[in-house]
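Structure, as structure tokens:
The figures here come from the full heavy-atom set of this structure, side chains too, leaving out hydrogens, waters and symmetry mates. Numbers here simply count residues along the sequence, with the first being 1.
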Amino acid sequence: MPNALLSSTVGPHGQLSSFFSAHPKQDPDTGTLYNVGILLGPSLALNLIKISPASFSSTSSPFSSSSSSSSSSSSPFLLRQHSYSLPAIPVLHDFVLAGRFLVIFLSPYQARPPSLLRSLLGLASLGEMYRWEKGKEGVAWVFEKETLRRVAEVAIDPPFSNYHFVNAWERGKGGKEGERARKGDQGVVLERQGRMKGGEEVVEVEVVVAQHRSGREEVEKLFRDMYHADFSQGLECETWRYVIRFGYSSSSSSSSSTSRGDRGGTRQGGREDGTRVGELIVASPLPLAASSYGYELPTINPRTVGKEGRYAYVNALVREEGFIDTVAKLDLREGGRMEPHTWSVPSGCFAGEAVFVPKGRKEGGREGEAEEDEGYLVFYVFDSRRQASDLVVIDAQKMENPPLAVVHLPVRVPYSYHGAWTTDTFGVGGRAGGRA
């Protein structure tokens, strides 16, 4: 995350109350940053976090190549945080931004509060305390991103296991191409989005998930020793889509004016605190999911976060050498068709997670004129033959072409996760180029 939160810039709601996940979501239209965390202590709680943009002008996109205006803020600060009680400690690695909403999925893979004490006393690791509670459904909590107010909850049955989401959006807001792609989805019609029922808007949110092919406990067993684990079917993901529907009224009474939310937990039905009960109307793999390469670590063009998009970029297991080895392009409108980039990863080489870098605006052009896949993928490749790493740049629109650039590094770059592209240069001084 290319932002630094300082104690002098924490804003009117004080300092952050919790740590937060490795997957912040930045609104591509406003630059506002959202994240989630867990408040640990006598009362477990989910903490939602809203952070102001850094050096962001209201007249430009946060991903614009233009410099910030004089009216922009130089440092981010905490705009709001909101907490909601939890009955157990969930695995909360990722969430989605979808138009006007944030959606958080809670699976039945949880640890009970006494486990935290055992972990703090050194009697066991917290990871060993987690169990998949068989027969229990998952739940999706939907929040209004403007206020962080919880507006809906949806039972997810059967629940799914994942670490990462691909993207999400409000249905009916994706234009003609998106409308054509969704015809025939189990009888779900586009016209339901936005209609009114009893004074409420009926909203449908589509979520694309990198879903584990195996059970969660098997996945976690392999992840406990990454240096000896084979990236076999137990760790692979395939692409699923879920559509949830719920009633929404932005004028509902809520506690959104406070910095701390409902600590009383989730009520059955959710009616007492204004939370609506929604429904799961689609839960299915993309048509080519089962036949595609297994993958992990999806990333997208940051300009499409929370909006309907066509492409994602993943680390795929193509050669079956025991570890993810290739960067591939995932076409969501073509049933999840996967196009691997094989030029950059010869035998004995293994690609890491890619970062998508949008191309700058053309002279005199507007931001919206660029194609979604118009940009570059930047990633490290470990070359086991020389025990060192390469920095590789490829054209995201031409996956069949050789790399645009390969920088042979003199050392091995250790495997790590979750990079981000920023136009700032850190530790050098000044503003020049960009860093991944």
Side-chain angles (χ1 to χ4, degrees), residues 1-2 22-34 53 56 60-66 94-99 164-170 173-175 177-178 181 206-210 239 241 286 295-316 326-334 336-341 344 351-362 365-379 392-401 403-404 417-424 433-436:
M1 182 176 71
H23 291 277
K25 297 295 185 285
Q26 187 170 35
D27 189 316
D29 296 323
T30 67
T32 302
L33 201 71
Y34 300 90
F56 175 71
S60 66
S61 162
F63 303 104
S64 169
S65 58
S66 61
D94 197 4
F95 68 105
V96 293
L97 186 155
H164 302 108
F165 295 93
V166 178
N167 200 8
W169 55 85
E170 291 184 62
K173 298 180 181 294
E177 287 186 315
E206 182 164 342
V207 183
V208 183
V209 182
T239 313
R241 49 191 296 276
L286 295 192
Y295 72 89
E296 248 291 5
L297 304 172
T299 188
I300 59 174
N301 184 332
R303 293 170 178 158
T304 65
V305 171
K307 303 179 180 182
E308 183 172 9
R310 177 172 183 174
Y311 299 112
Y313 307 91
V314 300
N315 268 149
T326 303
V327 170
K329 185 175 184 178
L330 192 63
D331 192 329
L332 302 177
R333 290 190 191 156
E334 293 294 329
R337 180 176 62 85
M338 191 177 290
E339 181 183 2
H341 183 271
S344 57
E353 180 183 21
V355 174
F356 186 94
V357 183
K359 285 187 179 180
R361 291 180 297 179
K362 297 178 181 179
R366 294 181 299 178
E367 201 74 49
E369 292 178 350
E371 295 290 334
E372 180 188 337
D373 59 348
E374 191 172 347
Y376 309 98
L377 294 176
V378 182
F379 51 96
V392 179
V393 181
I394 65 175
D395 188 332
Q397 289 185 311
K398 300 175 181 178
M399 298 292 288
E400 72 281 5
N401 286 0
L404 299 172
Y417 302 108
H418 310 329
W421 177 262
T422 172
T423 54
D424 290 329
R435 286 269 176 105

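- Exactly one of Gln397, Lys359, Lys398 qualifies for a side-chain hydrogen bond (donor to acceptor under 3.5 Å, both in side chains) with Asp373. That residue is Gln397.
- When atom types are taken as modelled, the side chain of Gln26 and the backbone of Leu33 share no donor-acceptor pair closer than 3.5 angstrom.
- When each of Val166, Val207, Asn167 is paired with Val96, the side-chain contact (heavy atoms from CB on, under 4.5 Å) condition holds for Val207 and for no other.
- In this structure, the salt bridge (charged side-chain N to carboxylate O under 4.0 Å, His left out) partners of Asp94, at least two apart in sequence or on a different chain, are Lys25.
- The two residues Pro53 and Thr32 come nearest to each other via the heavy atoms CG-N, 3.8 Å.
- Note: Leu332 CG to Leu286 CG = 6.5 Å, rounded to the nearest 0.5 Å.
- Rounded to the nearest 0.5 Å, atoms CG (Asn301) and CZ (Phe356) are 4.0 Å apart.
- Salt bridge status for Glu334 with Arg310: present, with a side-chain N to carboxylate O gap under 4.0 Å.
- Using a distance-only test at 3.5 Å, with no hydrogens or angles considered, a donor-acceptor pair links the side chain of Glu372 to the main chain of Tyr311.
- In this structure, Glu296 CD and His164 NE2 are separated by 5.5 Å, a value rounded to the nearest 0.5 Å.
- A distance of 13.5 Å separates CH2 of Trp169 from NZ of Lys307, quoted to the nearest 0.5 Å.
- Here the closest heavy-atom approach between residue His341 and residue Met399 is recorded as CD2-O, 2.7 Å.
- Glu353 and Asn315 are not linked by any side-chain donor-acceptor pair at a separation below 3.5 angstrom, with hydrogens and angles left out of the test.
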Check: Yes or no on side chain to side chain contact (heavy atoms under 4.5 Å, CB included) for Val355 and Thr299, after CA distance, side-chain angles and deciding distance?
Finding: CA-CA 7 Å; Val355 174; Thr299 188; 6.0 Å; no
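- Counting heavy atoms of neighbouring residues, nucleotides and ligands inside a 6.0 Å radius, atom OH of Tyr376 does not exceed 12 of them.
- Of all the heavy atoms in Tyr295 and Ala316, the pair that sits closest is CB-CA, 4.0 Å.
- Rounding to the nearest 0.5 angstrom, the gap separating the CD atom in Glu170 from the CD atom in Glu308 is 11.5 Å.
- Across every non-hydrogen atom of Pro340 and Ala328, the tightest pair is CA-CB, 3.7 Å.
- Residues Val327 and Gly352 approach most closely at CG2-O, 4.0 Å, considering heavy atoms.
- The shortest distance between side-chain heavy atoms of Tyr34 and Asp27 falls below 4.5 Å.
- For the residue pair Ala396 and Lys329, the shortest heavy atom distance occurs at O-NZ, 2.9 Å.
- Atoms CG and CG, on Asp395 and Asn401 in that order, are 7.0 Å from each other to the nearest 0.5 Å.
- You'll find the side chain of Met338 reaches within 4.5 Å of the side chain of Val314, heavy atoms only.
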